[in-house]
Amino acid sequence: MLDLKYLRENLEDVKRRLATRGGVADLSRLKGLDEKRRQIITEVEALKNRRNTVSQEIGRLKKRGESADDLIKEMQEVSQRIKTLDGELEGCERELKEFLLTIPNIPHSSVPEGRDATENRVVRKWGEIRNFTFNPREHTEIGEALGILDFKRAGKIAGARFSLLRGVGALLERALINFMLELHTTRHGYTELLPPFIVNSESMIGTGQLPKFEEDLFKIEGWGHYLVPTAEVPVTNVHRDEILDESLLPLCYTAYTPCFRKEAGSYGKEVKGLIRQHQFNKVELVKFTTPETSYEELEKLTNDAETVLKELGIPYRVVILCTGDMGFSAAKTYDIEVWLPGQGRYVEISSCSNFEDFQARRANIRYRPKGGGKPRFVHTLNGSGLAIGRTVVAILENYQTENGEVVIPEALRQYMGGMERIVREGAGSVSMGQRQ
RNA sequence: GGAGAGGUGGCCGAGUGGUUGAAGGCAGCUGCCUGCUAAGCAGUUGUAGGGUAACCCCCUACCGAGGGUUCGAAUCCCUCCCUCUCCGCCA
C-alpha cells in the first residue's frame, strides 16, 4: 500500500511511474475521495468537540441539581448528526482503503523500464554449462527411469501438477531442505522459523496476495483461511502490528514450508514434471530492515540464495526484472535462473525482492529509531533460497550420466548418508499394477 | 466438543456511567542532591488521524474487535475473536 500523503503530494509523478508497469492504474478517483474524507473529518470532529464540552457541562449542572434539559435536547440532535457523518466517513474511508490496496508498488529508480519478461536484463552469470557427450534427458525421464519420481501415481492420488517422490528421490528433497536451512543459519546469519502453513486473510492482505489475487490461492472452505503460497506470508506477518527496536534490525529469518498455488491461468504451460506444481517445497529468506539499508540487504540476500547454487555447482544467471514483469508488491526484483540442460533453457529458481515499506504499511510493521523519535515503517525483503523441487530438477538434469544415473553434488552427500550417486535399485521402483 | 475464568498504556496492575489518556508500581528520560555505587526528591514518558509551514501547539479517536443504550461508556447490553484452567478426544 502506498502512503496517502505521498500520493496526495506527488500524484502526477506516481501516475507516470506506475504506468511503466503496464496495466495503467486509474488514480483519478483518489483526489475526490481524499478531499471528501478530510472535509467530513473536519466537520464531525468539531461536533464531537462540542458534544464533549457540553456533556461535561451537563454533568456539572446535574450535580448541582439544576436543569440541563435544553442542552440535552440540543445534544441529542448533535449526536444524531455525528452518527450520520461517522457513517459517511466510514464508507468513504473503506472505499479509499480498498482502492489503495489495489494499487501496486512504485518501481525503484534502478529498475529498467520494459513491458514484459523479454525486457528483463541479465545482470551476471555463474558456472560453466556442461558439454554433454550424449543427448541430455529431461528430469521426468531420468527420475521415472530411476524409480524416484512417479507422476502417474501422483495423478491418481491428487491429480495433475502433483508429484510423488520415492526412495532416494524423497531423501534428495529432504536433504536439500536441510542443506539450505543449515547453510543460511550457520553461514549467513538467518534465524530459522517453522511457521503455520495455514494463515488468515489479514496475513494475506499484509503481504499483498489479497485482495487482488485470491484466484491464485487455495482457500479452506467454511473457514476463511488459506494455505500458504509461500513462506513469505507467515514469516513477514510474524511482526505484523509491532514496533521493533532498531537495534534488532536487520532481522533475518529463514523458513522451510510447503507452498500451495492454484496456478490458475497457466493451463498448458509446463504441465509435465516438477517445474510447476500445486504443492512444492521451498526454503525462504525474509528480512526486516531500515529504509537506509534495504537495497544493500537485497544484494546480500540475492547473494545468499546464489551461494546455494554455487555450493551445488549448478550454473545460473541473475536477471533484474523490468517494470512490466515485476510482482504487485515489489519495488525491485532479481530472479535467479538455473540452467536446465534437459530442456535447454534457464528456469527461475528464486525471486528476490525489496518491497520497501509497501508490505510494512499494509501489515503495520514499524521500528523505533535509535535514540527515540516517531516509529517508522520497516522495509521488508524476501527471496527463495531456494525452491526445492526445481533444485531437484536442476540436479537431475545437470548431474545426469550417459547410463541414466545421477551424481550427487558433493556438498549434499553429508545430508544423504554419504551417498555419491543415484542408481536404479530393485526396491526403488515398482511398476504400475493392473487396474482392478 | 463440554464447563469455567479472563483480555486495560513498554511491563505489572487499579478502575461498574460524568475533567480517566486512564490511580499506583516497575522500566525509561530530565533535573536536584550525594566521595563512587546504591538510595532519595521533583518533573516527564503511548499510537493514529485532522488543522498547521511545523516532529511547537490545538482538536478527534483508541482500555481485544465490531455493534447497541445514553447528553455522556474502560465502565451497562449484544455479537465475534483470542488467551488460560478443568473434562473429553487426539498426532
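Chain A is the first sequence line, chain B the second, and so forth, proteins listed ahead of strands; every chain is numbered from 1. The basis for the numbers below is simple: all heavy atoms, side chains too, and nothing from hydrogens, waters or symmetry mates.
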Handout entry: Short side-chain N/O contact from A:R366 to OP1 or OP2 of B:rU47, under 4.0 Å
Key =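 So the side chain of A:R366 is outside the cut-off, no N or O lying under 4.0 Å from OP1 or OP2 of B:rU47.
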What is the distance, rounded to the nearest whole Å, between atom [atom1] of [X] and atom [atom2] of [N]?
X	N	atom1	atom2	answer
A:E202	B:rG64	CD	C1'	13 Å
A:Q39	B:rG50	CD	P	15 Å
A:R64	B:rG18	CZ	P	17 Å
A:I243	B:rC11	CD1	C1'	15 Å
A:M75	B:rC71	CE	P	11 Å

Need one value for [X]: base, sugar-phosphate or nothing, where a base atom within 4.0 Å counts as base even if backbone is also close, heavy atoms only.
X	result
A:Q76	sugar-phosphate
A:R368	sugar-phosphate
A:K73	nothing
A:R376	nothing
A:R81	nothing
A:I41	sugar-phosphate

Hey, is [X] close enough to [Y] for a salt bridge, meaning N to O under 4.0 Å?
X	Y	value
A:R81	A:E43	yes
A:R376	A:E246	no
A:K300	A:D304	no

Practice task
Decide if the gap between the ring center of A:F328 and the ring center of A:F358 is smaller than 6.0 angstrom.
Solution key: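 Yes, the ring centres sit under 6.0 Å apart.
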Exercise for the section: Could you verify whether a donor N or O on one side chain and an acceptor N or O on the other, from A:S294 and A:H379, lie under 3.5 Å apart? Expected result: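 Yes, side-chain donor-acceptor contact under 3.5 Å.
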Problem - Base-paired stems in RNA chain B, each at least three Watson-Crick or G-U pairs under 3.5 Å - result: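 In RNA chain B, stems of three or more pairs: B:1-7 with B:81-87, B:10-12 with B:24-26, B:27-32 with B:40-45, B:46-51 with B:57-62, B:64-68 with B:76-80.
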Practice task
Can you check whether any acceptor in the base of B:rG49 is under 3.5 Å from a donor in the side chain of A:E45, or vice versa?
Solution key: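 Answer is yes: a donor-acceptor pair is held.
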